[in-house]
Amino acid sequence: MQVATSFAFSYGNTEKSTLAIYDTKKERFVYLPRATNYISTGLILWHKNGKSIDFISEYPSDQWILFRYNTESKKVKPVKKKIPPYLTNISINAF
């Protein structure tokens, strides 16, 4: 069984969401670059290979976009626009 050593999460207020990864082994935060000014983040999922994170964030208001962050290139790219709101339930995931 593989034990999670990094946790991805979002934080902020109702006007601005920021994403980060906490590495429990190195005891440090990695702050994800911003593709835009996210209003909120509803879902964060690690890929099974542990090298990228998908997240659904709101921008502009009432429009949800699926983004992908690559931990090797350290870049965020939009994957799909206009995600249905029911897919934005809050979730905490670890790798």
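Just so it is clear, the model here is predicted, and its values are computed rather than measured.
From Arg68, atom CZ reaches atom CG of Asp54 across 4.0 Å, with rounding to the nearest 0.5 Å. Atom CD of residue Glu58 and atom CD1 of residue Ile65 lie 10.0 Å apart, to the nearest 0.5 angstrom. Atom CG in Asn13 sits 11.0 Å away from atom CD1 in Ile39 (nearest 0.5 Å). Atom CD1 of Ile53 sits about 10.0 Å away from atom CG of Leu45, to the nearest 0.5 Å. Between atom CH2 of residue Trp46 and atom CZ of residue Phe7 there is a gap of 10.0 Å, rounded to the nearest 0.5 Å.
In this structure, the side chain of Ser52 does not engage the main chain of Asn70 through any donor-acceptor pair within 3.5 Å. Here the side chain of Lys26 pairs no donor or acceptor atom with the backbone of Asp23 at under 3.5 angstrom. A donor-acceptor pair is defined here as one N or O able to donate and one able to accept, closer than 3.5 Å; such a pair exists between the side chain of Thr24 and the backbone of Thr5. The main-chain N or O of Ser17 is found under 3.5 Å from a side-chain atom of Arg34 such that the two form a donor-acceptor pair.
Under the 30°/60° scheme for interplanar angles, the aromatic rings of Phe9 and Tyr11 are found to be tilted.
Here the side chains of Thr18 and Ser10 are not in contact, with every heavy-atom distance at 4.5 Å or above. No side-chain heavy atom of Ile21 sits under 4.5 Å from any side-chain heavy atom of Tyr31. Taking the side chain as every heavy atom from C-beta outward, Phe67 and Ile56 never approach each other to under 4.5 Å. Put simply, the side chain of Val30 reaches to within 4.5 Å of the side chain of Tyr69, judged on heavy atoms. Residues Tyr38 and Leu32 have side chains not in contact (no heavy-atom distance under 4.5 Å, counting atoms from C-beta outward). Side-chain atoms of Trp64 and Tyr59, non-hydrogen and from C-beta on, never get closer than 4.5 Å to each other.
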(request) Take Ser57 and Thr41, measure what side-chain hydrogen bond (donor to acceptor under 3.5 Å, both in side chains) needs, and give me the verdict at the end. (result) CA-CA 4 Å; Ser57 289; Thr41 299; 2.8 Å; yes

(message) If you apply the rule ring pair (Phe, Tyr, Trp, His ring centres under 6.0 Å), what do you find for Tyr22 with Phe29, and how did you get there?
(response) CA-CA 5 Å; Tyr22 181 70; Phe29 291 96; 4.8 Å; yes

